[in-house]
Amino acid sequence: MRVLVTGGAGYIGSHTVVELVKSGHQVVVVDNLVNSNARALERVAEIVGEEIPFYKVDIRDKEGLSEVMETYAGEDGHAFDCCIHFAGLKSPNESIRLPLEYYDNNITGTLVLLDVLRQYGCKNMIFSSSASVYGNPAQIPITEECPKGQCTNPYGQTKSMLEQVLMDVQAADPEWNVVLLRYFNPLGAHKSGLIGENPNGIPNNLMPYITQVAVGRLKELNVYGDDYDTPDGTGVRDYIHVVDLACGHVKALQAVERKCGLAVYNLGTGRGYSVLEVVKAFEGANGVKVPYVIRKRRPGDVATSYSNPAKAERELGFQAQYDIVDMCRDAWNWQKNNPNGL
Ligand code: NAD
Ligand code: WQD
């Protein structure tokens, strides 16, 4: 299929581009590089052995997007068969300080994108949603039927609102196929060590913080709370290898080809690990010490979040292949080879 990937220079996007090209899809990337570097796509080209067409365009820029569409439009005026939409700002913390920026970027950006896609005959979208739409989950493990919860930050709100926008668009015009993928916690990197997670500033997420402690950029890991109602008191999450997540998008594309209408899937492993279990797995996999101190809970965190991944397995044939040791090994391989990112 001809696939437009927004945010394709980012962490999950770049890994997905690799898997899409490996599966024979033709990929075009648009990204404004607000949280990424075009070198990621050069690295992708190294991995797959072909250049990836890339346009530095903001998805709020209707003219810029239309120009890309014109470049690829066939005689029927149709440019792409599907859009995989990763572009967005993603820091829950930052979104509390910058709500307008988050709503504008994520919501306005998606509305402009949908309008341009429709104009150029593309009514298929795979959307990066998040387990954060479940808020403090009403049930564990979390199935797709679990009611959406109160998001504790504007970032989570944008995901929840955009899910609603996409559901409404699909309900109004059943020619649309929309797949909402609710990611649990992506970790790790491509096994080549050429691409990986490249956060700006001090990382918010657990694994980039651990790797930066291990590489000596940060002194020690702050473990946010050891008094949760979990086996060792630290928070439990469903970590999924980013390459598995990327493969989930290839499976979702097959669902779009089968004209799935509206479909919602959790992408996780179905297994929860505590913060201290992740630290131990990292130390064991890599033979590196990760000093840590216990701090008070981080506001907005939930005790436990892990998926029931059965629906994606049943309907998409998707099952995660990598375990926590693979995730820790590959995250470290990436960080070691690229101590200062790209
Ligand atoms: P990322 O920041 O690495 O990638 C997002 C990409 O989108 C970046 O390359 C950025 O430059 C680009 N972008 C942002 N705003 C843009 C705009 N207006 N126009 C064009 N490009 C723009 O983040 P990621 O971790 O790869 O996440 C990808 C998607 O998955 C995001 O939508 C994110 O919210 C969602 N998600 C991420 C996680 C996670 O833990 N990483 C979990 C659940 C959902
Ligand atoms: C994991 C666990 C922390 C950092 C966030 C977003 C979510 C989604 C994924 C985009 C928790 C603990 C963390 C640290 C720690 N992103 N921790 N010390 O909070 O599950 O989800 O990223 O959609 O929306 O909220 O992921 O990696 O930040 O935390 O102890 O320095 O590690 O308390 O238990 P989280 P995380």
Side-chain angles (χ1 to χ4, degrees), residues 5-16 29-38 40-41 55-61 64-65 84-93 95 101-102 104-106 108-110 112-113 127-135 151-153 155-156 158-159 162 181-187 195-200 202-210 212-213 218 220-226 228 230 234-240 242 245-246 249 267-268 272-276 278-279 292-306:
V5 179
T6 72
Y11 173 46
I12 305 171
S14 57
H15 287 82
T16 302
V29 169
V30 296
D31 197 305
N32 67 356
L33 304 180
V34 65
N35 196 38
S36 53
N37 190 308
L41 292 170
Y55 298 86
K56 186 169 181 252
V57 172
D58 191 301
I59 54 166
R60 289 165 296 181
D61 171 7
L65 279 181
I84 305 187
H85 178 30
F86 296 103
L89 298 176
K90 67 157 180 178
S91 162
N93 269 352
S95 76
E101 283 74 7
Y102 269 69
D104 177 45
N105 193 81
N106 294 4
T108 311
T110 303
V112 171
L113 174 68
F127 176 63
S128 298
S129 189
S130 167
S132 59
V133 301
Y134 295 114
C151 298
T152 52
N153 55 73
Y155 163 74
T158 69
K159 291 294 172 195
L162 286 170
L181 296 179
R182 294 176 177 161
Y183 311 154
F184 281 69
N185 292 54
L187 288 195
I195 52 174
E197 196 169 6
N198 199 15
N200 290 326
I202 296 179
N204 284 309
N205 293 115
L206 179 62
M207 185 51 77
Y209 207 106
I210 289 179
Q212 291 197 18
V213 169
L218 295 167
E220 61 202 3
L221 172 70
N222 301 305
V223 175
Y224 294 132
D226 67 349
Y228 285 107
T230 61
T234 66
V236 169
R237 297 290 183 275
D238 184 341
Y239 297 100
I240 176 168
V242 67
L245 200 59
H249 292 75
L267 290 184
Y273 286 90
S274 74
V275 177
L276 294 181
V278 174
V279 170
Y292 67 84
V293 279
I294 305 292
R295 305 278 185 202
K296 61 181 192 327
R297 294 181 182 192
R298 187 172 65 174
D301 276 356
V302 300
T304 303
S305 164
Y306 61 89

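Whatever order the structure lists ligands and atoms in, that order sets their numbers, starting from 1.
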For Leu221, atoms of ligand 2 separated by under 4.0 Å from a heavy atom: 18 (N), 31 (O)

4.0 Å heavy-atom contact, Thr6 with ligand 1: no

Trace of the side chain to side chain contact (heavy atoms under 4.5 Å, CB included) decision for Val278 with Leu206: CA-CA 9 Å; Val278 174; Leu206 179 62; 4.1 Å; yes

Subset of ligand 2 atoms that lie under 4.0 Å from at least one heavy atom of Ser130: 23 (O), 24 (O)

Residue, atom name and distance, where the atom is the protein heavy atom closest to atom 12 (C) of ligand 2: Val275 CG2, 3.6 Å

Stacked cation flag Arg297 on Tyr228, 6.0 angstrom / 45 deg: yes

Rounded distance (nearest 0.5 Å) linking atom OG1 of Thr108 with atom CD1 of Ile59: 9.0 Å

Backbone or side-chain N or O of Ala9 under 3.5 Å from ligand 1 N or O: no

Under-4.0 Å heavy-atom contact with ligand 1, by part of Asn105 that carries it: side chain

Which of the ligand 1 atoms, numbered from 1, are nearer than 4.0 Å to a heavy atom of Tyr155: 33 (C), 34 (O), 35 (C), 36 (N), 44 (C)

Minimum non-hydrogen distance to atom 17 (C) of ligand 1, winning option of Val112, Val133, Asn32: Asn32

4.0 Å heavy-atom contact, Gly156 with ligand 2: no

Positive for side-chain contact (heavy atoms from CB on, under 4.5 Å) with Asn153, one of Pro299, Ser132, Ser95: Ser95

Atom indices of ligand 2 within 4.0 angstrom of Asn222 heavy atoms, with elements: 14 (C), 15 (C), 18 (N), 30 (O), 31 (O)

Any Pro199 heavy atom less than 4.0 Å from ligand 1: no

Closest to atom 2 (O) of ligand 1 (judged by heavy-atom distance), picking from Val30, Asn200, Val5, Asn35: Asn35

Ligand 1-proximal atoms of Asn198, by part, heavy-atom distance under 4.0 Å: neither

Flag side-chain contact, heavy atom, 4.5 Å: Tyr239 against Met207: no

Backbone N/O of Ser128 and side chain of Lys159: donor-acceptor pair under 3.5 Å: yes

Side chain proximity check, Leu221 to Val223, heavy atoms < 4.5 angstrom: yes

Shortest reach to atom 14 (C) of ligand 2 by a heavy atom, considering only Tyr209, Tyr224, Tyr183: Tyr224

Protein heavy-atom partner closest to atom 22 (O) of ligand 2 - residue, atom, separation in Å: Asn205 ND2, 3.0 Å

Heavy-atom nearest option to atom 40 (O) of ligand 1, drawn from Pro208, Pro186, Gly13: Pro186

Any side-chain heavy-atom pair of Leu113 and Arg60 under 4.5 Å: no

Residue, atom name and distance, where the atom is the protein heavy atom closest to atom 27 (O) of ligand 2: Leu206 N, 2.8 Å

Which of the ligand 1 atoms, numbered from 1, are nearer than 4.0 Å to a heavy atom of Ser129: 43 (C), 44 (C)

Minimum-distance protein heavy atom relative to atom 20 (O) of ligand 2: Arg237 NE, 2.6 Å

Nearest protein heavy atom with distance in Å, relative to atom 1 (C) of ligand 2: Tyr239 OH, 3.4 Å

Polar atom proximity, Val34 to ligand 1 (N or O, under 3.5 Å): yes

Parallel, tilted or perpendicular: rings of Tyr102 and Tyr155 (30°, 60°): perpendicular

Atom 33 (O) of ligand 2 [closest protein heavy-atom partner, distance rounded to 0.1 Å]: Asp301 OD2, 2.6 Å

Salt-bridge contact Lys56-Asp31 (side-chain N to carboxylate O under 4.0 Å): no

Sub-4.5 Å side-chain heavy-atom contact between Tyr11 and Val242: yes

Heavy atom of the protein closest to atom 5 (C) of ligand 1 (residue, atom name, distance): Gly88 O, 3.8 Å

Identity and separation of the nearest protein heavy atom to atom 28 (O) of ligand 2: Arg298 NH2, 2.8 Å

Per-atom contacts, ligand 2 versus Val223 - under 4.0 Å to a heavy atom: 30 (O)

Numbered atoms of ligand 2 (with element) below 4.0 Å of Ser132, judged on heavy atoms: 24 (O)

Ligand-residue contact atoms, ligand 1 with Ser36, heavy atoms, under 4.0 Å: 8 (C), 9 (O), 11 (O)

Proximity of His85 to ligand 1 by residue part, where a heavy atom lies under 4.0 Å: neither

Reported CG-to-CG distance for the pair Leu245 and Asn185, which is rounded to 0.5 angstrom: 10.5 Å

Ligand 1 to Ile59 polar contact by distance, N or O atoms, under 3.5 Å: yes

Ligand-residue contact atoms, ligand 2 with Asn204, heavy atoms, under 4.0 Å: 4 (C), 28 (O)

Enumerated ligand 1 atoms positioned under 4.0 Å from heavy atoms of Ser128: 29 (C), 30 (O), 32 (O), 35 (C)

Asn106 to Leu162 - nearest heavy-atom pair and separation: O-CD1, 3.4 Å

Val302 versus Gly135, closest heavy-atom pair with distance: CG1-O, 3.9 Å

Which residue and heavy atom of the protein sit nearest atom 35 (P) of ligand 2, plus the separation: Asn185 ND2, 3.5 Å

Atom indices of ligand 1, in the order listed, that fall short of 4.0 Å to a heavy atom of Leu33: 11 (O)

Sub-3.5 Å N/O-N/O distance, Tyr183 and ligand 1: no

Numbered atoms of ligand 2 (with element) below 4.0 Å of Tyr155, judged on heavy atoms: 10 (C), 23 (O), 24 (O)

Under 3.5 Å donor-acceptor, Ser305 side chain and Arg237 backbone: no

For Pro92, the ligand 2 atoms whose distance to one of its heavy atoms is below 4.0 Å: 6 (C), 25 (O)

Proximity of His249 and Phe86 rings by center, below 6.0 Å: yes

Proximal atoms of ligand 1 relative to Val57 (non-hydrogen, under 4.0 Å): 19 (N), 20 (C)

